[in-house]
Asker: 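Following this message is one structure expressed as structure tokens.
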Amino acid sequence: MLDHTLAVGVRSYVLQQHYTFEHDLGLWAFGALQVLKDRRSGALKTCKAAAKGRLPEPRAAGERLRKLAEIQHPMLSHVTDVKEDADYFFIISARAGGGDVGDWLERLAAHEEVVEEETCASYVAQVLAALVHCHSCGAYHHELRPGSVFLTSRQPDARVLLSDVGVLDALEGGSKNGAEADLQGVGLLALALLLGLTPSQAEDVERHLDDPDLWTPRSQEAFDFVKLLLVEDVPCTAALALQHPWLRNILLRPGLASAGLAREDALSRLTCYLLVLLLIPVEMAHRDLERLLADFQRMDEDGDGLLSTRLALRLLALRGVRNGEVAVAVADARGCGVLDFSAMAAAALMADLLPEGGAARVDDILACLQKLFFEAYATDDDGAVAERSHVAEKVSNSVGNLLRRHGDVSFNEILLAFDEEIDQENLATRLTEASGRGTRLALFESGFLAKEEPGSWFTNLFRTCVQPPQRREIVRC
């Protein structure tokens with residue numbers, strides 16, 4: 001139990017050199033919380049003081065805290081600075097203008113107001129995206145709750161910033177895997193957001209899941225998602241949770257000004273992705289794809305068939321691949337920071353096909369890939385027309401079969417976008433309209449939770465949440 005006198009922020013000379021004191025915030029697990037202002041930039045910062053006398057290994061804790069500054073992500077309130085004096089560590093991070101979601105939920109519950117479901121899904125997806133990156137770095141939160149999630153503004157389109165990931169392990173010296181506890185925290189966050197509950201009310205999971213009347217205003221997908229994380233005994237990871245139908249149409253491109261631009265951007269990336277998938281069977285040797293699969297599975301330590309973009313970039317770098325960052329950014333069409341094997345294969349080939357230091361804009365990459373498609377598949381003398389049946393025949397080789405088996409790619413479904421004749425005018429247009437169909441990246445038709453065809457493999461995969469996610473067969477070579 002902390003001494004309440006610790007609620008008064010520590011005024012240390014090491015802080016005064018770089019920051020000015022603004023006001024106290026109260027307590028956290030290891031000491032006082034305060035708001036500071038950077039003397040140079042004027043930016044507000046949150047400062048957490050941790051008394052060294054409360055830590056088992058103060059010197060090692062300082063080293064681990066400084067390493068946390070290396071973990072950065074658009075949806076993470078990362079450690080920006082670590083100061084220390086003889087008695088305290090001071091953990092500095094950016095101050096979010098919208099406050100924390102825990103306080104926000106308390107205010108909403110007091111006024112009996114609820115959040116639009118799409119906003120709930122967006123906030124949850126952003127937290128999961130941050131966790132995917134942090135978990136791939138071996139950093140876990142362990143005590144994720146709404147008070148750990150901050151908003152960049154008080155507007156509905158605010159970006160989410162997850163704070164304190166890795167801090168508990170850094171201070172206490174632990175290294176246990178906290179993925180399960182983190183996903184439980186995400187489930188409780190989703191439950192509170194969807195039902196307009198305070199953080200303490202959301203702890204009563206059974207009561208709120210057993211009352212169907214509470215869920216009448218919400219979708220079945222939302223209920224299934226919460227149930228998956230809080231009730232079902234199903235292996236799950238942050239990356240897998242991002243593939244759930246409830247989050248399927250959530251696009252995480254914070255640099256784009258509107259939902260329309262984000263969807264247009266995602267469709268352009270999906271078009272490039274589908275084009276590369278059609279090129280893989282004729283441009284990549286079977287042995288090369290097998291080796292890529294073996295490398296992918298070695299890096300996929302949790303066995304969920306997915307890699308963070310951080311690990312995908314490392315895999316490409318180890319293989320000496322050029323243009324890795326551009327290719328991975330295109331293959332990650334939704335911006336979630338997750339690639340399955342087919343997206344990994346697409347990124348690897350795309351990086352090889354694109355000229356070094358060349359196309360970086362998605363439109364330029366698309367033009368380059370269209371040219372390569374007709375060089376590979378054109379059946380007319382001018383090299384401007386391909387036949388769907390000819391493409392279907394070419395992709396039905398051992399490389400294409402490997403993508404079907406381990407990448408969940410349906411070439412037949414991709415090619416249904418075309419009539420028999422594929423020309424330069426309809427190639428990109430038809431693939432854009434397909435919205436990624438035939439792959440795990442397929443978007444719903446339009447808007448949040450727009451319905452896909454009955455019997456879609458993707459919808460059936462998560463609909464009931466009673467079957468465990470399919471694990472990939474290990475291939476070694």
Side-chain angles (χ1 to χ4, degrees), residues 25-29 33 35 44-48 73-79 91 93-135 139-168 178 181-205 208 214 217-218 222-223 225-226 229-230 238 241-242 244 246-247 250 252 254 336 448:
L25 288 174
L27 291 170
W28 74 302
L33 276 169
V35 175
L44 293 180
K45 304 285 186 176
T46 299
C47 174
K48 296 180 175 71
H73 186 273
M75 284 79 180
L76 191 66
S77 178
H78 62 276
V79 174
I91 307 163
S93 58
R95 178 77 177 155
D100 73 72
V101 172
D103 287 344
W104 186 54
L105 286 169
E106 295 279 0
R107 293 195 300 272
L108 288 175
H111 292 87
E112 298 184 345
E113 296 176 346
V114 294
V115 186
E116 288 187 6
E117 187 169 327
E118 185 170 1
T119 300
C120 297
S122 176
Y123 288 175
V124 169
Q126 291 177 65
V127 171
L128 284 169
L131 287 177
V132 167
H133 181 76
C134 292
H135 289 180
Y140 303 91
H141 197 292
H142 296 292
E143 294 185 352
L144 197 159
R145 52 176 60 91
S148 312
V149 181
F150 290 82
L151 300 173
T152 55
S153 74
R154 295 177 182 267
Q155 301 303 314
D157 60 350
R159 184 157 49 91
V160 160
L161 297 174
L162 178 62
S163 70
D164 297 338
V165 181
V167 171
L168 190 63
D182 287 354
L183 287 177
Q184 281 275 327
V186 174
L188 289 172
L189 172 66
L191 179 63
L193 286 168
L194 287 163
L195 298 188
L197 306 174
T198 66
S200 59
Q201 289 172 335
E203 296 287 340
D204 191 350
V205 173
H208 292 108
L214 293 175
R218 299 308 193 185
F223 178 79
F225 177 85
V226 174
L229 295 189
L230 296 180
L242 271 170
H244 193 280
W246 188 51
L247 305 178
I250 299 299
L252 301 181
C336 292
F448 177 62

Asker: With a cut-off of 3.5 Å and sequence neighbours excluded, list every side-chain donor-acceptor pair involving residues 108-115.
Answerer:
residue, atom, partner, partner atom, Å
His111, ND1, Arg107, O, 2.9

Asker: Below 3.5 Å, can you tabulate the donor-acceptor pairs from side chains in residues 98-106 to any protein atom, sequence neighbours excluded?
Answerer:
residue, atom, partner, partner atom, Å
Asp100, OD1, Gly102, N, 2.8
Asp100, OD1, Asp103, N, 2.8

Asker: Ser77: what forms a side chain to side chain donor-acceptor pair (under 3.5 Å) with it, not counting sequence neighbours?
Answerer: none
Asker: Would you call Tyr123 and Leu193 a side-chain contact if the rule is heavy atoms closer than 4.5 Å?
Answerer: yes
Asker: What do the steps show when you test Gln184 against Leu229 for side chain to side chain contact (heavy atoms under 4.5 Å, CB included), and what is the final call?
Answerer: CA-CA 6 Å; Gln184 281 275 327; Leu229 295 189; over 6 Å; no
Asker: For the pair Leu151 and Leu161, evaluate side chain to side chain contact (heavy atoms under 4.5 Å, CB included) and give the outcome as yes or no after the intermediate values.
Answerer: CA-CA 6 Å; Leu151 300 173; Leu161 297 174; over 6 Å; no
Asker: Looking at residues at least two apart in the chain, or sitting in another chain, which of them share a ring-ring contact (aromatic ring centres under 6.0 Å, His included) with His208?
Answerer: none
Asker: Do the non-hydrogen side-chain atoms of Val149 and Leu189 ever get within less than 4.5 Å of each other?
Answerer: yes
Asker: Below 4.5 Å, heavy atoms only, C-beta onward: do Leu76 and Cys134 meet side chain to side chain?
Answerer: yes
Asker: With side chain to side chain contact (heavy atoms under 4.5 Å, CB included) as the criterion, how do Leu128 and Leu183 come out once you've worked through the C-alpha distance, each side chain's angles and the decisive distance to 0.1 Å?
Answerer: CA-CA 8 Å; Leu128 284 169; Leu183 287 177; 3.8 Å; yes
Asker: For Ser200, give me all partners under side chain to side chain donor-acceptor pair (under 3.5 Å), at least two apart in sequence or on another chain.
Answerer: Thr198
Asker: Yes or no on side chain to side chain contact (heavy atoms under 4.5 Å, CB included) for Val79 and Ser93, after CA distance, side-chain angles and deciding distance?
Answerer: CA-CA 5 Å; Val79 174; Ser93 58; 5.6 Å; no
Asker: Would you confirm whether His141, through its side chain, and Leu144, through its main-chain N or O, come within 3.5 Å as a donor-acceptor pair?
Answerer: yes
Asker: Are a donor atom and an acceptor atom from the side chains of Gln126 and Ser122 found within less than 3.5 Å of each other?
Answerer: yes
Asker: For the pair Arg218 (side chain) and Phe223 (backbone), establish whether a donor and an acceptor sit closer than 3.5 Å, ignoring hydrogens and angles.
Answerer: no
Asker: Checking His135 now: which residues fulfil side chain to side chain donor-acceptor pair (under 3.5 Å) with it, not counting sequence neighbours?
Answerer: Asp182
Asker: Do you know which two heavy atoms are closest between Val226 and Ala190, and how far apart they sit?
Answerer: CG2-CB, 4.0 Å
Asker: Can you measure from CD (Glu143) to CH2 (Trp28) and round to the nearest 0.5 angstrom?
Answerer: 10.0 Å
Asker: Counting N and O atoms only, with roles assigned by atom type, does the side chain of Ser163 sit under 3.5 Å from a partner on the main chain of Ser148, one being a donor and the other an acceptor?
Answerer: yes
